[in-house]
Structures are given as structure tokens and as C-alpha cells.
Chemist: 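Once you've had a glance at the structure underneath, I'll fire off some questions.
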Amino acid sequence: QVQLVESGGGLVQAGGSLRLSCVASGGDFSQYTLAWFRQAPGKEREFVAAAPWWSTTSPYYSDAVKGRFTASRDNAKSTVSLQMTGLKPEDTANYYCAASYRTMGGVQYASLYNSWGQGTQVTVSS
């Protein structure tokens, strides 16, 4: 089971950009689907993006972030990143990195992931 550590959160004005990173250790990174979820106070955890283990060029995105966020993975560095642009106040949440071993679909479901980072806070001011 991999261990995950996120970084890169912070406070940004609406329309700004942030880049989150998640470094993994303790497993064969290339065999894991890596995903980003977020959770705002009083709300359910929701899927943001996923970089599947079977493809480094075809990430998945939620409709809420498609066209604004870009997920990428670097297997050589055991890192997955989330470039966030055009940030909106509704993007404010704690962002979590998650890993699932050789997941074959359903990447948007949190229940498929058994490794989670501690989260990094993103706050977008209006």
C-alpha cells in the first residue's frame, strides 16, 4: 500500500491558479490509478480528476473542473499533479490524493481507493 503526501495548497483569488502535487512511496507507482478528490465543509467528498495506471495521456475529470484543471503523472518521480486554473470560490475545499492498485474503471468512486493522503487546503477568495 502506497503512502501519499500532498502539497501546493493555499489561498488564491478567483481566476487564479494553483498547482497541487502528490508524492507516493512504498509501492510500484506505475500500477496505481491516482486520483484527486475534494471535500468542502458540510459536503460529501467529490471526485475531481484521475490519472489511470493504464494511460499517462488520458486523465479523467469531473464536469465541474473539465477544461480548467489538468491532471498529470510522472511515473519516474512517483508524482501526480493537479494544475488548477480559472479557480472559482466553489473550488474551495480540502483536496486529497488517492491511490488504487490496478483499478479498471470506476475511477470516480472514492470507495475504490485504499490509500489517501492527509489533504491540502485550497481557498479561493471572490
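Excluded from the calculations below are hydrogen atoms, water molecules and symmetry mates; all remaining heavy atoms, backbone and side chain alike, are included. Numbers here simply count residues along the sequence, with the first being 1.
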Chemist: With side chains defined as the heavy atoms from C-beta onward, is the minimum distance between Arg38 and Asp91 less than 4.5 Å?
Modeler: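 SC-SC contact between Arg38 and Asp91 confirmed.
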Chemist: Using a 4.5 Å cut-off on heavy atoms from C-beta on, say whether the side chain of Val80 contacts that of Trp36.
Modeler: yes
Chemist: With sequence neighbours excluded, what pairs up with Ser30 under the side chain to side chain donor-acceptor pair (under 3.5 Å) test?
Modeler: Asp28
Chemist: With a cutoff of under 4.5 Å between side-chain heavy atoms, which Ile, Leu, Val, Met, Phe, Trp and Tyr residues group with Phe47?
Modeler: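 Phe37, Trp53, Trp54, Tyr60, Tyr96, Met104, Val107, Tyr109, Leu112, Tyr113, Trp116, all in the cluster of Phe47.
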Chemist: Within a strict 4.5 Å, meaning less than it, do heavy atoms of the Gln83 and Ser17 side chains meet?
Modeler: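 Side chain of Gln83 against side chain of Ser17, heavy atoms only: contact under 4.5 Å found.
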Chemist: Rounded to the nearest 0.5 Å, what separation is found between the CD atom of Gln31 and the OG atom of Ser100?
Modeler: 12.0 Å
Chemist: Side chain to side chain contact (heavy atoms under 4.5 Å, CB included), that's the test. Do Glu6 and Tyr95 meet it? Break it down for me.
Modeler: CA-CA 8 Å; Glu6 305 100 332; Tyr95 283 70; over 6 Å; no
Chemist: Search all heavy atoms of Pro89 against all heavy atoms of Ala14 and return the closest pair with its distance.
Modeler: CD-CB, 4.1 Å
Chemist: Salt bridge or not between Asp63 and Lys66? Use side-chain N to carboxylate O under 4.0 Å.
Modeler: yes
Chemist: Would Arg73 pass as a cation-pi partner of Phe29, given that its NZ or CZ must be under 6.0 Å from the six-membered ring centre and within 45 degrees of the axis?
Modeler: yes
Chemist: Just so I know, are the side chains of Phe69 and Thr85 near enough to count as touching, which here means a heavy-atom distance under 4.5 Å?
Modeler: no
Chemist: Measure from the side-chain N and O atoms of Thr92 to the backbone N and O of Val124, and report whether any donor-acceptor pair falls under 3.5 Å.
Modeler: yes
Chemist: For a 4.5 angstrom cut-off between non-hydrogen side-chain atoms, does Ser62 reach Gln108?
Modeler: no
Chemist: Measure the spacing between CZ of Arg45 and NZ of Lys43 and express it to the nearest 0.5 Å.
Modeler: 15.0 Å
Chemist: Return the minimal non-hydrogen interatomic distance between Ala93 and Ala40, and the atom names on each side.
Modeler: CB-N, 3.8 Å
Chemist: Would you say that more than 12 heavy atoms from the other residues, nucleotides or ligands in this model lie under 6.0 Å from the CD of Glu44, or not?
Modeler: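 12 or below, so no.
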Chemist: For the residue pair Leu4 and Val23, establish whether any side-chain heavy-atom pair is separated by less than 4.5 Å.
Modeler: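 No, their side chains stay 4.5 Å or more apart.
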Chemist: Please confirm whether the backbone N or O of Gly105 pairs with a side-chain atom of Thr103, one donor and one acceptor, at under 3.5 Å?
Modeler: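 Here the side-chain-to-backbone pair does not exist.
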Chemist: Answer yes or no: is there a side-chain heavy-atom contact under 4.5 Å between Met84 and Thr70?
Modeler: no
Chemist: Which pair of heavy atoms, one from Thr79 and one from Ser81, lies closest together, and at what distance?
Modeler: CG2-OG, 4.0 Å
Chemist: Can you find a pair of side-chain heavy atoms, one from Leu20 and one from Thr120, that are under 4.5 Å apart?
Modeler: yes
Chemist: For residues 64-117, which residue pairs pass the disulfide bond (SG atoms under 2.5 Å apart) check, not counting sequence neighbours?
Modeler: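 Non-adjacent pairs meeting disulfide bond (SG atoms under 2.5 Å apart): Cys22-Cys97.
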Chemist: Considering all heavy atoms of both residues, which atom of Leu34 and which atom of Ala99 are nearest to each other, and what is their separation?
Modeler: CD1-CB, 3.8 Å
Chemist: Search all heavy atoms of Pro52 against all heavy atoms of Pro59 and return the closest pair with its distance.
Modeler: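 Scanning both residues completely, I find the closest heavy atoms to be CD-CA, 4.2 Å.
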